[in-house]
Amino acid sequence: MYCIDCVSILYAFFNIYFLKFLGFVIRKLHFHVMDSKIIHAACMRAAITMIAIGIAIIEQERNRIYIPREPRINAIAQREFYIDSILNRGDKHYVEQIRMKPVVLYRLCDVLTSRDLLRSTQNMSIREQVIVFLQIVGQNQRFYFISGTYYRSVETIHRYFRIILKAVFKLYKHLIKDLEDTVPAEIMNNQRFYPYFKV
């Protein structure tokens with residue numbers, strides 16, 4: 001394969017540069033009164049030089065040692081494997097990673113989707129977006145660390161973090177209610193909640 005490529009390169013090189021060189025030689029020799037034997041000898045020398053260069057290039061390509069490339073990492077498969085390892089390794093592990101159980105995670109994804117606050121894109125699913133957000137917030141992880149873990153650029157992680165942050169901020173209308181005159185007894189009688197929270 002490499003020899004064929006070299007031959008084609010040499011052929012193109014010969015057509016372009018050798019013919020130009022030949023025309024240059026003929027023009028130079030035209031000004032001098034010389035016989036055809038001298039012109040023929042100069043052209044033959046140029047042709048032999050070009051053929052020798054071509055043979056040297058082909059031999060160099062034949063003797064070159066090629067190091068086989070390692071297979072690239074399948075980023076999509078590795079990403080899915082990492083997400084599945086978070087959600088399927090037990091209660092303690094996923095609470096440590098995303099600070100919530102998978103049931104709550106899927107419920108949050110459903111709420112964000114049903115209220116049209118978050119959409120799945122061609123490059124990142126809603127589940128991955130939310131998990132990335134929860135890892136950054138819950139573990140105080142840096143964008144550089146998360147980008148390496150998920151095989152994504154820092155710019156991508158930063159962009160989706162901002163998208164999810166805005167979506168979560170918009171949930172306050174649905175989750176936080178204004179203070180009313182009546183407060184349930186279980187909240188009013190509990191110093192831990194009253195007067196900050198209510199059902």
Side-chain angles (χ1 to χ4, degrees), residues 1-2 4-5 8-9 66-199:
M1 178 178 178
Y2 296 107
I4 294 173
D5 291 340
S8 61
I9 291 170
Y66 290 94
I67 301 172
R69 280 183 74 173
E70 293 294 327
R72 292 189 176 182
I73 294 174
N74 187 345
I76 297 172
Q78 290 291 331
R79 200 177 297 130
E80 288 299 318
F81 177 77
Y82 179 71
I83 292 172
D84 290 339
S85 71
I86 291 174
L87 300 177
N88 298 323
R89 280 181 58 184
D91 297 352
K92 184 178 179 182
H93 182 71
Y94 51 63
V95 169
E96 287 176 353
Q97 291 294 317
I98 59 175
R99 306 299 186 210
M100 62 178 62
K101 294 183 178 181
V103 177
V104 181
L105 169 70
Y106 290 122
R107 178 67 183 140
L108 177 60
C109 292
D110 291 339
V111 169
L112 291 170
T113 306
S114 63
R115 300 186 187 280
D116 200 25
L117 299 174
L118 197 61
R119 293 180 182 177
S120 180
T121 64
Q122 183 180 1
N123 298 321
M124 192 179 286
S125 65
I126 291 176
R127 182 180 73 159
E128 184 183 349
Q129 293 178 39
V130 174
I131 289 175
V132 165
F133 175 78
L134 292 174
Q135 280 191 312
I136 293 171
V137 173
Q139 297 185 11
N140 194 23
Q141 294 286 3
R142 296 187 179 274
F143 292 140
Y144 288 101
F145 177 81
I146 295 294
S147 68
T149 303
Y150 287 90
Y151 299 98
R152 298 204 181 271
S153 67
V154 176
E155 190 273 333
T156 300
I157 297 295
H158 184 262
R159 184 172 70 250
Y160 280 101
F161 177 81
R162 290 173 59 87
I163 290 170
I164 301 163
L165 185 64
K166 290 178 182 178
V168 170
F169 280 158
K170 291 177 182 177
L171 284 176
Y172 83 92
K173 298 177 183 178
H174 310 286
L175 300 178
I176 300 175
K177 298 180 182 178
D178 294 331
L179 185 62
E180 297 176 356
D181 295 335
T182 59
V183 179
E186 61 268 18
I187 293 177
M188 184 177 288
N189 297 330
N190 190 334
Q191 294 181 353
R192 182 181 176 190
F193 299 124
Y194 186 78
Y196 307 105
F197 299 98
K198 67 174 186 167
V199 178

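The analysis underlying the following values was restricted to heavy atoms, covering all of them including side chains, and did not include hydrogens, waters or symmetry mates.
- The local environment of CZ in R99 is crowded, with over 12 non-hydrogen atoms from other residues, nucleotides or ligands closer than 6.0 Å.
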Run the side chain to side chain donor-acceptor pair (under 3.5 Å) check on Y150 and T156 step by step: do they pass? CA-CA 10 Å; Y150 287 90; T156 300; over 6 Å; no
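- Atoms CZ and OG, on R119 and S125 in that order, are 16.0 Å from each other to the nearest 0.5 Å.
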Stepwise side-chain contact (heavy atoms from CB on, under 4.5 Å) check, Q141 with T149: CA-CA 11 Å; Q141 294 286 3; T149 303; over 6 Å; no
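- Closest heavy-atom contact between V154 and S147: CG2-OG, 3.6 Å.
- Remark: the backbone N or O of C109 is not paired with any side-chain donor or acceptor of Q129 at under 3.5 angstrom.
- Expressed to the nearest 0.5 Å, how far CD1 of I136 lies from CD1 of I164 amounts to 8.0 Å.
- By the 4.5 Å heavy-atom criterion applied to side chains, Q135 and F145 are not counted as neighbours.
- Nearest approach of R115 to L171, heavy atoms of both residues: CD-CD2, 4.0 Å.
- L108 places none of its side-chain heavy atoms less than 4.5 Å from the side chain of V168.
- When L105, V95, V130 are each tested for a side chain to side chain contact (heavy atoms under 4.5 Å, CB included) with M100, only one passes: L105.
- Atoms CD1 and CD, from I83 and Q97 in turn, are 12.0 Å apart once rounded to the nearest 0.5 Å.
- Between I126 and L112, the closest side-chain pair of non-hydrogen atoms is not below 4.5 Å.
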Just do the side-chain contact (heavy atoms from CB on, under 4.5 Å) check on K101 and Y94 with the steps written out, would you? CA-CA 6 Å; K101 294 183 178 181; Y94 51 63; 3.7 Å; yes
side-chain contact (heavy atoms from CB on, under 4.5 Å) evaluation trace for I146 with F161: CA-CA 11 Å; I146 295 294; F161 177 81; over 6 Å; no
Applying side-chain contact (heavy atoms from CB on, under 4.5 Å), run through Q139 and E96 and close with a yes or a no. CA-CA 8 Å; Q139 297 185 11; E96 287 176 353; 5.6 Å; no
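- Under 4.0 Å is where a charged nitrogen must lie from a carboxylate oxygen, and between D116 and K170 no such pair does.
- I163 contributes atom CD1, which lies 12.5 Å from atom CG of L117 (distance to the nearest 0.5 angstrom).
- Of the residues R159, R152, H158, the one that meets the side chain to side chain donor-acceptor pair (under 3.5 Å) test with E155 is R159.
- Heavy atoms only, all atoms of each residue included: R79 and Y151 are closest at NH2-O, 3.3 Å.
- Looking at R107 and V103, their side chains never come closer than 4.5 Å, going by heavy atoms from C-beta outward.
- In this structure the side chain of I131 reaches within 4.5 angstrom of the side chain of L87, judged on heavy atoms.
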